[in-house]
Amino acid sequence: ISAATRDAYAASGEMLATLREVLAETYDIVTDDRFDLRLRLAIEAGERLLAFALDQPAREAALAEVRRILVAILFGP
């Protein structure tokens, strides 16, 4: 998929809606405006954190920390 296609799809809100639906069904999550904000934050942060983690010498440790951070963003208090 080209970057332009990905960006157009992401900007449409369709990707967010699909991910929200999958998470709600898979984990029995009640989605509301607060969850939508957390999901958008996790997506934005996740892209950058993953890129950073994949470039680290201790890749596995960095990826584990990324996972911890993203779980905290989505499901934290």
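Numbers here are sequence positions counted from 1.
No chain of hydrophobic side-chain contacts below 4.5 Å, direct or via other Ile, Leu, Val, Met, Phe, Trp or Tyr residues, connects Met15 to Leu41. A continuous path of Ile, Leu, Val, Met, Phe, Trp and Tyr side chains, each step under 4.5 Å between heavy atoms, connects Tyr27 with Leu19, placing both in one hydrophobic cluster. A continuous path of ILVMFWY side-chain contacts below 4.5 Å connects Ile43 to Leu23, so both sit in one hydrophobic cluster.
Going from atom OG1 of Thr31 over to atom CD of Glu21 covers 9.5 Å, rounded to the nearest 0.5 Å. Atom CZ of Arg67 sits about 12.5 Å away from atom CD1 of Ile69, to the nearest 0.5 Å.
Applying the side chain to side chain donor-acceptor pair (under 3.5 Å) criterion to Arg38, with sequence neighbours excluded, gives no partner residue. Glu65 is linked by a side chain to side chain donor-acceptor pair (under 3.5 Å) to Arg68, counting only residues two or more places apart in sequence or in another chain.
At least one side-chain heavy atom of Ile29 sits less than 4.5 Å from a side-chain heavy atom of Phe75. Between Leu63 and Leu54 the shortest side-chain heavy-atom distance falls below 4.5 Å.
Of all non-hydrogen atoms in Leu39 and Leu74, the two that sit nearest each other are CA-CD2, 3.7 Å.
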> Does the pair Arg40 and Glu44 meet the rule for a salt bridge (charged side-chain N to carboxylate O under 4.0 Å, His left out), with working shown?
Replying inline: CA-CA 6 Å; Arg40 289 193 312 271; Glu44 288 297 322; over 6 Å; no
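Around the CG atom of Asp28, the shell of radius 6.0 Å holds no more than 12 heavy atoms that belong to other residues, nucleotides or ligands.
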